[in-house]
Amino acid sequence: MKICVLPGDGIGPEITAEAVRVIQALDLKFELEEALLGGAAVDVTGDPYPEATRKLAREADAVLLGAVGGPKWDNLPREQRPERGLLGIRKDLGLFANLRPAILYPELANASTLKPEVVSGLDILIVRELTGDIYFGQPRGIENRNGERYGFNTMHYTESEIRRIGRVAFDAARKRNKRLCSVDKMNVLETTQLWRDVMIELAPEYPDVELTHMLVDNAAMQLVRAPKQFDVMVTGNMFGDILSDEASMLTGSIGMLPSASLDANNKGLYEPSHGSAPDIAGKGVANPLATILSAAMMLRYTFNNEAAAARVETAVKKVLAQGYRTGDIYEAGTTKVGTKQMGDAVLAAL
Ligand code: NAD
């Protein structure tokens with residue numbers, strides 16, 4: 001059980017250090033090895049995804065990533081920018097399934113812009129296909145036709161691409177409340193008619209999971225009207241891009257949101273949904289909980305250890321109930337702590 005740890009830039013090293021302490025405290029005989037990614041890698045090797053990192057990431061069962069990027073590297077040539085490292089590793093590892101939970105702990109219900117009763121206790125998971133759809137389809141471009149500019153893109157999915165993301169979503173629903181909502185636009189787009197057909201064909205393999213379907217425009221409305229009706233949602237790359245950001249903003253706390261990107265064998269890259277927060281880097285005030293919760297997802301999805309995952313998540317709930325808050329989620333009447341103190345509190349709760 002080998003984990004490649006890529007702290008990255010900005011607050012990355014501070015928050016991954018706390019997640020590593022949590023993983024080590026579980027005493028599960030993980031082998032952890034660290035490497036460079038993003039700006040930190042450019043500084044040392046000139047390459048945001050250097051060969052040594054590539055080798056380690058390929059060998060490992062899972063990758064834990066902090067975040068990359070920062071103003072220091074913004075003016076470098078495009079191929080040396082930190083984001084290139086991130087896109088590089090995602091592509092290199094063949095990560096086609098993006099899992100983004102949106103959880104709003106009752107203690108943080110005031111952080112949302114929605115009414116507390118609409119979002120308090122929210123716990124949904126969006127499964128987004130990551131390597132296909134209109135974002136990668138050919139032909140594409142902007143041309144001159146009939147004396148005017150003409151822009152075009154191609155939406156497409158093969159049934160095998162739909163089936164493999166469908167299986168990830170059904171499996172995820174099985175590990176949760178066994179309800180899966182597939183989101184499409186089958187009334188207008190043939191590609192998504194195929195999407196719906198393939199999801200329906202898969203359903204008999206998962207008799208314990210209830211499959212429903214929703215058109216994407218309605219899904220966008222339902223997410224703000226009554227988000228707690230959902231358990232797991234699965235959708236294509238473009239719809240998923242938009243809906244997963246919409247869902248994460250329901251919670252209003254960017255420092256709390258984990259994510260996972262999986263390949264066909266459940267090897268995964270686990271990272272917080274937020275960036276490298278250069279404005280607070282090095283100050284010891286960043287919220288490490290999104291990274292700690294990403295480590296919990298790693299235990300669940302790559303190492304298939306539900307008990308350990310639940311143990312970490314329960315510890316996080318406990319520190320919130322005890323009133324510990326980093327600056328980003330602080331409210332009057334709670335106890336403000338720094339990154340390391342928050343890690344200490346999670347360890348104590350474990
Ligand atoms: P950001 O997510 O880094 O920060 C947005 C705001 O949220 C900032 O005010 C920041 O202080 C705060 N914040 C973020 N994470 C926090 C945490 N854990 N605890 C407390 N506060 C937190 O987004 P940005 O400012 O747009 O981007 C900064 C850099 O991060 C850029 O270089 C960008 O390219 C990069 N970025 C990287 C990733 C990634 O590595 N996956 C994702 C997004 C942005």
Side-chain angles (χ1 to χ4, degrees), residues 4-20 22 35-43 48-49 53 57 63-76 78-93 95 98-100 103 105 108 111-113 128 130 241 244-245 248-249 251-261 268-295 297 316 319-320 324-331 334 336-343 345-346:
C4 166
V5 181
L6 305 174
D9 308 318
I11 59 170
E14 300 163 54
I15 54 179
T16 44
E18 299 312 312
V20 164
V22 168
L36 298 169
L37 187 79
V42 171
D43 286 349
Y49 184 38
T53 305
V63 178
L64 180 70
L65 171 68
V68 300
K72 181 178 175 193
W73 304 281
D74 278 351
N75 297 319
L76 288 176
R78 203 157 279 281
E79 63 282 1
Q80 283 196 325
R81 299 245 183 101
E83 308 80 63
R84 275 296 165 106
L86 199 53
L87 295 176
I89 189 170
R90 285 179 181 155
K91 185 155 186 272
D92 189 37
L93 299 182
L95 307 170
N98 185 229
L99 275 61
R100 274 179 55 181
I103 297 175
Y105 301 94
L108 303 181
S112 176
T113 51
R128 167 190 173 194
L130 210 52
D241 187 3
S244 61
D245 267 14
S248 66
M249 279 303 106
T251 73
S253 348
I254 197 168
M256 297 295 303
L257 298 168
S259 81
S261 305
L269 175 86
Y270 297 85
E271 56 180 326
S273 294
H274 59 73
S276 58
D279 51 335
I280 55 168
K283 296 185 178 158
V285 298
N287 186 348
L289 294 179
T291 317
I292 291 171
L293 292 167
S294 300
M297 290 187 83
V316 168
V319 301
L320 293 175
Y324 293 113
R325 302 283 189 275
T326 41
D328 57 314
I329 51 174
Y330 176 76
E331 282 182 86
T334 59
K336 199 182 222 172
V337 294
T339 311
K340 187 163 180 308
Q341 288 163 292
M342 188 57 110
V346 175

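None of these values were measured; they are calculated from a predicted model. For ligands, and for the atoms within them, numbers begin at 1 and follow the listed sequence.
At a 4.0 Å cut-off, at least one heavy atom of D279 sits close enough to ligand 1 to count as contact. At least one heavy atom of V68 sits closer than 4.0 Å to an atom of ligand 1.
In this structure, atom 19 (N) of ligand 1 has protein heavy atoms in its sub-4.0 angstrom surroundings. Distance screen at 4.0 Å: atom 25 (O) of ligand 1 has no protein heavy-atom neighbour inside the cut-off. Proximity of atom 9 (O) of ligand 1 to the protein is indicated by at least one non-hydrogen atom lying closer than 4.0 angstrom.
The single protein non-hydrogen atom nearest to atom 4 (O) of ligand 1 is A277 CA, 4.3 Å, given as residue, atom name and distance. Nearest protein heavy-atom neighbour of atom 43 (C) of ligand 1: G275 CA, 3.6 Å. Considering only non-hydrogen protein atoms, atom 17 (C) of ligand 1 sits nearest to N287 N, 3.7 Å. The single protein non-hydrogen atom nearest to atom 7 (O) of ligand 1 is I254 CG2, 3.9 Å, given as residue, atom name and distance. Closest protein heavy atom to atom 28 (C) of ligand 1: P278 CD, 3.4 Å. Counting only heavy atoms of the protein, atom 34 (O) of ligand 1 lies nearest to E83 OE2, 4.2 Å. The nearest heavy-atom contact from the protein to atom 32 (O) of ligand 1 is G70 N, 3.1 Å. Regarding atom 39 (C) of ligand 1, its nearest protein heavy-atom neighbour is L86 CD2, 3.6 Å.
Within ligand 1, counting atoms from 1 as listed, the ones closer than 4.0 Å to a heavy atom of A67 are 40 (O). Listed by atom number, the atoms of ligand 1 under 4.0 Å from G69 heavy atoms are 32 (O). The contact set between ligand 1 and A286, taken as ligand atoms under 4.0 Å from a residue heavy atom, comprises 19 (N). Set against the non-hydrogen atoms of E271, the atoms of ligand 1 under 4.0 Å away are 41 (N).
Inclusion of I11 in the set of residues having an N or O under 3.5 Å from an N or O of ligand 1 is not warranted. Between S276 and ligand 1, an N or O atom pair is found at a separation short of 3.5 Å. For ligand 1, the polar-atom distance check finds no N/O of D74 at less than 3.5 Å from any of the ligand's N/O atoms.
Residues passing the side chain to side chain donor-acceptor pair (under 3.5 Å) test with S261 are N98, sequence neighbours excluded. The side chain to side chain donor-acceptor pair (under 3.5 Å) check on R100 picks up D245, S248, with sequence neighbours excluded.
In summary, of the residues considered (N287, V285, I254), a side-chain contact (heavy atoms from CB on, under 4.5 Å) with D328 occurs for N287 alone.
Taking the charged nitrogens against the carboxylate oxygens, K72 and D9 have no contact shorter than 4.0 Å, which rules out a salt bridge.
Residue I280 touches ligand 1 through its side chain alone, judged by heavy-atom distances below 4.0 Å.
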